[in-house]
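Please read the structure below before turning to the comments.
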Amino acid sequence: MPATAPEKVSVEGLETKWAEKWDADCVYSFDRNAERANIYSIDTPPPTVSGSLHVGHVFSYTHTDVVARFQRMLGKEVYYPMGWDDNGLPTERRVQNFFGVRCDPSLPYDANFVPPFEGGDNKSSKAADQIPISRRNFIELCEKLTTEDEKQFEALWRRLGLSVDWSQTYQTISPDAQAVSQKAFLKNLERGEAYQSMAPTLWDVTFRTAVAQAELEDREQPGAYHRIGFDGPDGKIFIETTRPELLPACVALVAHPDDERYQPLFGKTVTTPLFGVEVPVVAHRLASQEKGSGIAMICTFGDVTDVIWWRELDLPNRAILGWDGRIISEAPDAITSDKGKEIFAELAGKTTFSAKQRIVELLQESGDMMGEAKPITHPVKFFEKGDKPLEIVSTRQWYIRNGGRDENLKEKLIAQGKDLAFHPDFMRVRYENWVNGLTGDWLISRQRFFGVPIPVWYALDADGNPDFDQVLTPSHELLPVDPSTDVPAGYTESQRNQPNGFVGEVDIMDTWATSSLTPQLAGGWISDPEKYAKVFPFNLRPQGQDIIRTWLFSSLLRSEQESGELPWSNAAISGWILDPDRKKMSKSKGNVVVPAEPIDNHGADAVRYWAASARLGTDAAFDEGQMKIGRRLAIKLLNASKFVLSFEPAEGITEVTEAVDQSLLLNLAEVVRDATTAFENYDHTKALEVAEQFFWNFTDNYLELVKERAYGQGDYTPAEQASAAVALRKALHTMLRLFAPFLPFATDEVWSWWQTDAGSIHRAAWPKPEELTQNLDASNLQVLELAKEALFGLRKAKSDAKVSMKAAVESATLVSPAAVLTTLRLLEADFKAVGKIADLAFEEGEAFSVENVVLAEVEEEA
RNA sequence: GGUCGUAUGGCGCAGCGGUAGCGCACUUCCUUGACAUGGAAGGGGUCACUGGUUCGAUCCCAGUUACGACCA
């Protein structure tokens, strides 16, 4: 096939040219008519569109893309969709600040609503200045805003060369996503996997919402031990507490059962200072003998240990904290003394901070507190997005069973995890640790306004009080519903909030309740069951290691509950991008690199090369040096290809006859084998490495050695010339395809110079070793390596003589081990040509070298 | 504190039970016919530390230290 390479080749401008061409030719379109067995489907992570992109995204998405491209070339029909995550707090805040609105689900939908402004500076605006609008209006604004963000993301992904089918996209707040989320919940409810419960709940006072185990983090906080005396049967008993303000919520004192100091007190009672409440002294294994005085007060509720004690020891509930994090107005019934009631009345309405100050003053006045508070630092639980410590408040919440309280389910989930191929394998441990460490079911209700509503109503009794046991649900065809505006079957809107009527659930679902359904969302569980059957279970879930406990776990759980099967067969876990100081890149550290920059500076293929050079599960540095190497590779590929294609085989000859030419193809066949195995094992770095190593050997050694012959000048027969030219083309044809997943732009550019009828390289067949080795003598495998050794000797001789590689040589002797001398003699003509040697002798020796070099007379330049 | 991972030339990384490799950087050399966004030849590491297994360990095992991530 004739080739038409440009005069001067360049990597500049390839991104735009090829992104447009691929789009126009639908190179990456998914053909839904393919057989299931021949489909490779990817559960792409939906990026948070209201967040900003950084190079970490480029890194991990490239890992997925090289796999997608490999599978496509293997002949698989690749389902590679893109999702946009616009459900959740980051988007909620952005919409609030951008449009100056806030979501209030109690308001009706206003079809003609116009926001007060557009383009807020994205800094937090005051709630008082925000116009309250209905949930539907809010979601519409969200879609409006995120559409812009999605365009930017898509443009970047196209520049990077992700082979996504852009007709397959979804949004996590879209009506379809809401329907999927609600249907899955309703089915959980029908099967008894979702339930509501009144229980102590970790509560964020800023966001005024319950928080799940997966959203917690511990932070070291300053605190102080206060030494407080309780009146016991034989005098004062001192406890040390960091939360004296919870004294009115005290229900018991607790010590370790083995603690001899307190054993005599077990079963007796003591009296709380200030409030005069009689509380028992109890024993529990979780009480620490070393901490403080070894005896602690149990309050409802100071921390999660209090909850455990309260539950296991069957203690009363004397909660004193409200949803706003302030002391409630009504004192617990246990406080009966006038003095106690008086003090409590003074505390009511105070924040925990000022309540603590006041209590300490009172304790010091009454002499119940010993000395001053002792400052300490200790770990305190926070909502990962919050900045105030979590409180524990008793509320009614919705839960989904997750194995935290069910050993059978836990075992099933662990077993499912063992069937999932993690890449790298050790990442499974993180999943198992999380499952084994679950302490309770998944709290999925959130007291927020923006999100997917929990699709239920409750019947009201004759007094207008909700009967939470009478849950009213919509039929699946009506989804999505919003209980704050829609009406349950059998009721009318006029019955809302009326005695014997109904009330809509106001809570929304945890964003993970929707994100855990990305396989169902991306596959079209509701919207396109036919497609869903073709793509589910997915072949690949790519994701970060930090969200194994959340996204991976919850997705696996939902699929297990819904269909009893794994949602994917492979999970590819990418590492982090570290800045040059080896610190994790994150917005808060201010060390984020915007992805457009490296693409501008080095080109997409170069950036992809850098990303693809890092193995799955391994953190990588942001390394521009690596991108320069990738760029050099892409440029070299263009130049070498142009050169290779400049050699036309002599008319009608297609045979590769020369030993060194056969050796090249035999070696390449091994590389194809290795690269294929590596890719099949999700080891893309290995696949890249072997291809790259071969390529540089190809240009530096083989190409140099045979180019004189390929020119056809000198004493070469047409068969010898053609042997080189044919081998060069075959090798190029294969190497381009090996590089295609990594350098999609440069490879398709070269491909287009000569494979004019074959379409995009990205739909070409992945190379097979057999394509190369037909009619070859396998014993020639080592010839290329020998030639290389001899070539090194030749170059060293010239380099030592400090002359150009092209300096003419009158005579020289090639010394080599006897065993290979015969083989080397076959290459005499090539050696003489590349070394410009007039007279080449061969001689036996221990190692390869070139001796007795006599340089030709050089005419002195004037 | 627990779990997992990492520790190899200045930097970034491969590797393997038999006394170390690649790329960048560095030194020296090469001007013209694919490529100066190039080519060639070199120098440089007791493979974190301590024990153990082995004929032999950078590679296997145990422990220590440092760094990172996740969890508490």
Side-chain angles (χ1 to χ4, degrees), chain A residues 5-12 213-214 216-220 303-305 378-381 384 422 424-439 544-550 573 575-576 578 580-584 586 602-603 606 609-610 613-647 683 685-686 688-690 692-693 696-697 699-701 703-704 707-708 710-711 713 728 732 750 791-807 834-835 861:
Chain A
E7 192 66 23
K8 176 86 179 162
V9 299
S10 164
V11 294
E12 310 304 335
Q213 188 182 353
L216 298 183
E217 64 184 36
D218 281 15
R219 294 185 201 159
E220 283 294 324
D303 61 24
V304 285
T305 319
H378 61 147
V380 177
K381 291 205 184 311
E384 59 189 358
F422 281 83
D425 192 59
F426 68 77
M427 288 293 178
R428 180 180 297 101
V429 178
R430 300 194 179 194
Y431 167 80
E432 291 179 350
N433 285 348
W434 174 251
V435 176
N436 287 323
L438 286 168
T439 56
Q545 53 196 341
D546 54 329
I547 48 176
I548 289 175
R549 70 193 169 115
T550 48
I573 313 292
W576 291 113
L578 309 174
D581 297 331
R582 302 207 69 78
K583 293 272 174 285
K584 181 176 150 183
S586 67
H602 306 285
Y609 173 89
W610 158 73
S613 301
R615 288 182 296 177
L616 287 174
T618 307
D619 295 343
F622 177 70
D623 185 359
E624 299 209 83
Q626 199 66 16
M627 295 176 196
K628 286 180 182 158
I629 296 165
R631 183 180 173 84
R632 196 171 70 116
L633 176 64
I635 292 169
K636 188 78 173 180
L637 195 62
L638 295 177
N639 278 306
S641 299
K642 186 181 91 172
F643 189 42
V644 164
L645 293 172
S646 71
F647 304 119
D683 186 0
T685 54
K686 182 83 180 165
L688 173 58
E689 191 187 313
V690 294
E692 193 183 3
Q693 199 189 358
W696 285 106
N697 183 29
T699 59
D700 294 349
N701 300 312
L703 194 45
E704 288 296 320
K707 68 182 181 187
E708 299 299 330
Y711 276 128
Q713 296 164 350
L728 283 168
L732 182 64
V750 174
L791 212 48
F792 285 164
L794 201 61
R795 287 170 180 159
K796 185 159 168 50
K798 288 194 178 179
S799 191
D800 288 348
K802 301 201 173 184
V803 296
S804 160
M805 291 299 130
K806 287 166 182 162
V834 70
E861 296 281 329

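We name chains A, B, ... by the order of the sequence lines, and we start the count at 1 in each one.
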Worksheet item: Dot-bracket for RNA chain B, 5' to 3', counting Watson-Crick or G-U wobble pairs under 3.5 Å, with [ ] for crossing pairs and | for inter-strand pairs?
Response: (((((((..((((.......)))).(((((.......))))).....(((((.......)))))))))))).
Practice prompt. In whole angstrom, give me the gap between the C1' atoms of B:U3 and B:A14.
Written response: 27 Å
Discussion item. Measuring only the C1' atom in each nucleotide, how far is B:G18 from B:C60? A whole number of Å is fine.
Written reply: 14 Å
Response to the item:
Rounded to whole Å, CD of A:Gln693 lies from C1' of B:G15 at a distance of 11 Å
Practice prompt. With the side chain of A:Arg430 defined as its heavy atoms from C-beta on, choose the nearest nucleotide among B:G5, B:G38, B:A69.
Written response: B:A69
Item to complete: Calculate the interatomic distance between A:Ile629 atom CD1 and B:G38 atom P; express it in whole Å.
Response: 12 Å
Worksheet item: Reckon A:Trp610 touches a base, only the sugar-phosphate, or nothing at all at heavy-atom distances under 4.0 Å?
Response: nothing
Worksheet entry | Nearest-angstrom distance, P atom, B:C30 to B:A48 | 40 Å
Worksheet item: Residues two or more places apart in sequence or in another chain: which of them pass side chain to side chain contact (heavy atoms under 4.5 Å, CB included) with A:Ser799?
Response: A:Met805
Worksheet item: Tell me: CG of A:Leu438 to P of B:C71, nearest whole Å?
Response: 13 Å
Practice prompt. Only counting residues at least two apart or in another chain, list the ones meeting side chain to side chain donor-acceptor pair (under 3.5 Å) with A:Lys707.
Written response: A:Glu704
Fill in: Heavy-atom protein contacts under 4.0 Å, nucleotides 26-36 of chain B, coded B base, S sugar-phosphate only, - none
--SSS--SBB-
Worksheet item: Taking the C1' atom of each, how far is B:G9 from B:C47, in whole Å?
Response: 10 Å
Discussion item. Measure CG/A:Asn701 against C1'/B:A40 and give the value in whole Å, please.
Written reply: 11 Å
Worksheet item: Roughly how far apart, to the nearest Å, are B:G12 and B:G45 at atom C1'?
Response: 15 Å
Discussion item. Using atom C1' in both nucleotides, what's the gap between B:U53 and B:A41 to the nearest angstrom?
Written reply: 44 Å
Discussion item. For a quick test of reading the model, state the closest non-hydrogen atom pair linking A:Arg795 to A:Asp700 and the distance between them.
Written reply: NH2-O, 2.7 Å
Item to complete: Give one of base, sugar-phosphate or nothing for A:Arg428, where a contact means two heavy atoms less than 4.0 Å apart.
Response: nothing
Worksheet item: Pairs in or reaching into residues 428-438 of chain A: which pass side chain to side chain donor-acceptor pair (under 3.5 Å), with residues at least two apart or in two chains?
Response: A:Lys418-A:Glu432, A:Asp425-A:Arg428, A:Arg430-A:Gln545
Worksheet item: Any side-chain heavy atom of A:Val803 sitting closer than 4.5 Å to one from A:Lys798?
Response: yes
Fill in: Between B:G39 (C1') and A:Leu794 (CG): distance, integer Å
14 Å
Discussion item. If I compare all heavy atoms of A:Trp576 with all of A:Asp619, which pair ends up nearest, and what's the gap?
Written reply: N-OD1, 2.8 Å
Item to complete: Starting from P on B:C71, measure out to OH on A:Tyr431 and report it in whole angstrom.
Response: 17 Å
Fill in: Atom of A:Ala606, atom of A:Met627 and distance for their closest heavy-atom approach
CB-O, 3.2 Å
Response to the item:
Of A:Leu216 and A:Asp623, the one whose closest nucleotide on RNA chain B sits nearer the 5' end is A:Asp623
Practice prompt. Whole angstrom is fine here: how far is it from CD in A:Glu217 over to P in B:A69?
Written response: 13 Å
Item to complete: Measure from CD on A:Glu692 to C1' on B:G21 and round the result to the nearest Å.
Response: 14 Å
What side-chain donor-acceptor pairs closer than 3.5 Å can you find for residues 629-640 of chain A, not counting sequence neighbours?
unit_1: A:Arg631; atom_1: NH1; unit_2: A:His602; atom_2: O; d: 3.1
unit_1: A:Arg631; atom_1: NH2; unit_2: A:Glu12; atom_2: OE2; d: 2.5
unit_1: A:Asn639; atom_1: ND2; unit_2: A:Ile635; atom_2: O; d: 3.3

Worksheet item: Are any of the side-chain heavy atoms of A:Leu728 and A:Phe643 separated by less than 4.5 Å?
Response: no
Worksheet item: What heavy-atom pair brings A:Leu216 and A:Arg549 nearest, and what distance separates the two atoms?
Response: O-NH1, 4.2 Å
Discussion item. Check this one for me: any side-chain N or O of A:Lys796 less than 4.0 Å away from OP1 or OP2 of B:G42?
Written reply: yes
Practice prompt. Could you tell me whether the phosphate oxygens of B:G5, OP1 or OP2, come under 4.0 Å of any side-chain nitrogen or oxygen in A:Arg615?
Written response: no
Worksheet item: Rounding to the closest angstrom, what is the interatomic distance between B:U6 and B:G43 at atom P?
Response: 32 Å
Worksheet entry | Separation between the P atoms of B:A25 and B:A40, rounded to whole Å | 14 Å
Practice prompt. Answer yes or no: does atom CD of A:Gln693 have more than 12 heavy-atom neighbours from other residues, nucleotides or ligands under 6.0 Å?
Written response: no
Practice prompt. Nearest-nucleotide wise, let me know which of A:Met427 and A:Phe792 is further upstream toward the 5' end of RNA chain B.
Written response: A:Met427
